[in-house]
Amino acid sequence: MNYNEILDRISCEYNRILSDNLVGIYVHGSIAFACFNWDKSDIDFLVVTKEIPSLEEKKELIKVLMELDKICPLKGLEMSLVLEKVCSKFVYPTPFELHFSNAHKEKCKSNIEEYVKAMNGVDKDLAAHFTVIRSVGIVLCGKDIATLFGEIPKANYIDSIKCDVECAEDEIVENPIYIVLSLCRVLAYMRENLIISKEQGGLWGIKKLPSVYVPVIKEAVKCYQSNECFSMDFKLAKEFSHYMVKQIFVDN
């Protein structure tokens, strides 16, 4: 099984469940950036509907993902469902009507009805997802991206990606690959307006950041591109995260 087959099954089932209410399904993340790694990546996609799906429809949408989970990469699927009106006239923080990821599987298993009733609100991450979709997103089905998605203000995108790394100094030991590459990606946008993947962020960092930190970044890129685990003295990694947080939050 590859990610295209999984996405095709999602498209087929979601079209069946949502019918005319479905506006489109849009792939973002590592697949859109052409750097997907089955061992390190998840399958990211956004669902857009005209109206809020019914409770029963929401349950069916989640059940499809739970069933597919057994054939998915380890990091699984990440899905958000939003309304068409927030795509054309962007709202920040962005409202969502349903969400699913690995972090929520146990809640779905224990009580899917309560889960879908509660799983809605606003999510700052969606500004980043929308921006990536406008830049490199893939239409799985539905409306053209340029027709559906309006402009996302730069300030909203910056706030969104900064929120993703605001705890980097605390999290780098537990999640070094993600944090190192995400810090590079955020700074690349803030310095050069580059909308890039984590992998591309790391490659940018190797060229643009102080040489003392290049070993940390190279290790993160190598591990991201393979199934290897991060192996390095974390003292330098922590120094790197401190330097990057200062560049992102203080000096910009």
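Inter-residue side-chain proximity for Gln247 and Tyr243 is flagged as met; some heavy-atom pair is nearer than 4.5 Å. Contact annotation: the side chain of Leu209 approaches that of Phe240 to within less than 4.5 Å [non-hydrogen atoms, C-beta and beyond]. The shortest side-chain heavy-atom distance between Leu140 and Phe45 does not fall under the 4.5 Å cut-off. Residues Thr94 and Asp123 are not in side-chain contact: their nearest non-hydrogen atoms beyond the backbone lie 4.5 Å or more apart. Contact check for Lys218 versus Lys222: no side-chain heavy atoms found under the 4.5 Å cut-off. Residues Val180 and Ile172 have side chains in contact (heavy-atom distance under 4.5 Å, counting atoms from C-beta outward). The shortest side-chain heavy-atom distance between Pro95 and Val82 does not fall under the 4.5 Å cut-off. For the pair Ile62/Met79, a side-chain contact is recorded, criterion being any heavy-atom separation below 4.5 Å from C-beta on.
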Next on the checklist: Applying salt bridge (Lys or Arg N to Asp or Glu O under 4.0 Å) to Glu169 and Lys238, what does each step give before you reach the verdict?
Outcome noted: CA-CA 6 Å; Glu169 291 186 79; Lys238 287 181 179 180; over 6 Å; no
Item to check | Residue pair Tyr3, Asp42: steps toward the side chain to side chain donor-acceptor pair (under 3.5 Å) verdict | outcome: CA-CA 10 Å; Tyr3 67 73; Asp42 54 11; over 6 Å; no
Next on the checklist: Applying side-chain contact (heavy atoms from CB on, under 4.5 Å) to Lys40 and Ile177, what does each step give before you reach the verdict?
Outcome noted: CA-CA 10 Å; Lys40 298 287 172 68; Ile177 301 168; 4.1 Å; yes
Checklist entry - Checking side-chain contact (heavy atoms from CB on, under 4.5 Å) for the pair Ser41/Lys75: CA distance, chi angles, key distance, verdict? => result CA-CA 6 Å; Ser41 305; Lys75 288 193 69 178; 5.8 Å; no
Checklist entry - Can Leu18 and Val47 be said to form a side-chain contact (heavy atoms from CB on, under 4.5 Å), step by step? => result CA-CA 10 Å; Leu18 295 168; Val47 180; 4.1 Å; yes
Item to check | Worked check of side-chain contact (heavy atoms from CB on, under 4.5 Å) between Lys162 and Phe249 | outcome: CA-CA 8 Å; Lys162 284 172 73 172; Phe249 290 94; 3.7 Å; yes
Item to check | ring-ring contact (aromatic ring centres under 6.0 Å, His included) assessment of Phe90 paired with Phe149 | outcome: CA-CA 8 Å; Phe90 185 70; Phe149 290 88; 9.5 Å; no
Next on the checklist: salt bridge (Lys or Arg N to Asp or Glu O under 4.0 Å), that's the test. Do Glu192 and Lys208 meet it? Break it down for me.
Outcome noted: CA-CA 11 Å; Glu192 300 182 20; Lys208 302 283 187 171; 3.4 Å; yes
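Formation of a donor-acceptor pair under 3.5 Å by the Lys63 side chain with backbone atoms of Lys58 is not found in this model. Ser54 places a side-chain N or O within donor-acceptor distance of the main-chain N or O of Glu57, the cut-off being under 3.5 Å. Put simply, the side chain of Arg134 gets close to the backbone of Gly150: a donor and an acceptor are under 3.5 Å apart. At least one donor-acceptor pair closer than 3.5 Å links the side chain of Thr49 to the backbone N or O of Glu51. Ser110 places a side-chain N or O within 3.5 Å of a backbone atom of Glu106 that can act as its donor or acceptor partner. Put simply, the side chain of Asn102 gets close to the backbone of Leu74: a donor and an acceptor are under 3.5 Å apart. The backbone N or O of Ser226 sits less than 3.5 Å from a side-chain atom of Asn37, completing a donor-acceptor pair. No side-chain donor-acceptor contact under 3.5 Å links Tyr157 to the backbone of Thr131. Side-chain N or O atoms of Lys50 include one that pairs as donor or acceptor with a backbone N or O of Asp20 at under 3.5 Å. Counting only distance, with no hydrogens or angles, the side chain of Asn227 and the backbone of Asp39 share no donor-acceptor pair below 3.5 Å.
Between Ile152 and Ala127, the closest heavy-atom pair is CG2-O, 4.2 Å. Between Ser182 and Val165 the shortest heavy-atom distance is CB-CG1, 3.8 Å. In terms of heavy atoms, Ser160 sits closest to Tyr92 at N-OH, 3.4 Å. Residues Tyr189 and Ile158 come closest through the heavy atom pair CE2-CG1, 3.6 Å. The nearest pair of heavy atoms linking Ile138 to Ala32 is CD1-CA, 3.9 Å. Taking every heavy atom of both residues into account, Ala220 and Leu181 meet most closely at CB-CD2, 3.8 Å.
In terms of the side chain to side chain donor-acceptor pair (under 3.5 Å) criterion, residue partners of Asn193 (sequence neighbours excluded) are, by chain and number, Lys154.
Between atom OG of residue Ser101 and atom CG of residue Leu77 there is a gap of 9.5 Å, rounded to the nearest 0.5 Å. Interatomic distance, CD1 of Ile248 versus CD of Glu166, reported as 11.5 Å (0.5 Å rounding). Separating the NZ atom in Lys117 from the CG atom in Leu98 is a distance of 14.0 Å, to the nearest 0.5 Å. The OH atom of Tyr14 lies 3.5 Å from the CG atom of Leu65; values are rounded to the nearest 0.5 Å. Interatomic distance, CE of Met244 versus SG of Cys184, reported as 4.5 Å (0.5 Å rounding). The OH atom of Tyr213 sits 9.0 Å away from atom OG of Ser241, with the distance rounded to the nearest 0.5 Å.
Under the 4.5 Å side-chain contact rule for hydrophobic residues, Ile206 and Leu194 share a cluster. At a threshold of 4.5 Å between side-chain heavy atoms, the hydrophobic network of Ile, Leu, Val, Met, Phe, Trp and Tyr places Ile10 and Ile71 in one connected group. A single hydrophobic cluster is seen to contain both Ile31 and Val139, as judged by linkage of ILVMFWY side chains at heavy-atom distances under 4.5 Å, directly or through other members. The hydrophobic cluster containing Ile52 does not contain Ile112, counting ILVMFWY residues as joined when their side-chain heavy atoms lie under 4.5 angstrom apart, directly or transitively. Grouping the Ile, Leu, Val, Met, Phe, Trp and Tyr side chains by contacts below 4.5 angstrom, directly or via other members, places Ile133 apart from Leu83.
Between Phe230 and Phe234, the ring-plane angle classifies as tilted under the 30° and 60° cut-offs. By the 30° and 60° cut-offs, the orientation of the rings of Tyr115 relative to His104 is tilted.
More than 12 heavy atoms of other residues, nucleotides or ligands sit less than 6.0 Å from atom CD of Glu5.
For the side chain to side chain contact (heavy atoms under 4.5 Å, CB included) with Phe100, the qualifying choice from Met119, Met66, Lys107 is Met66, the only one to do so.
For Tyr224 and Tyr178, the ring centers are positioned 6.0 Å apart or more.
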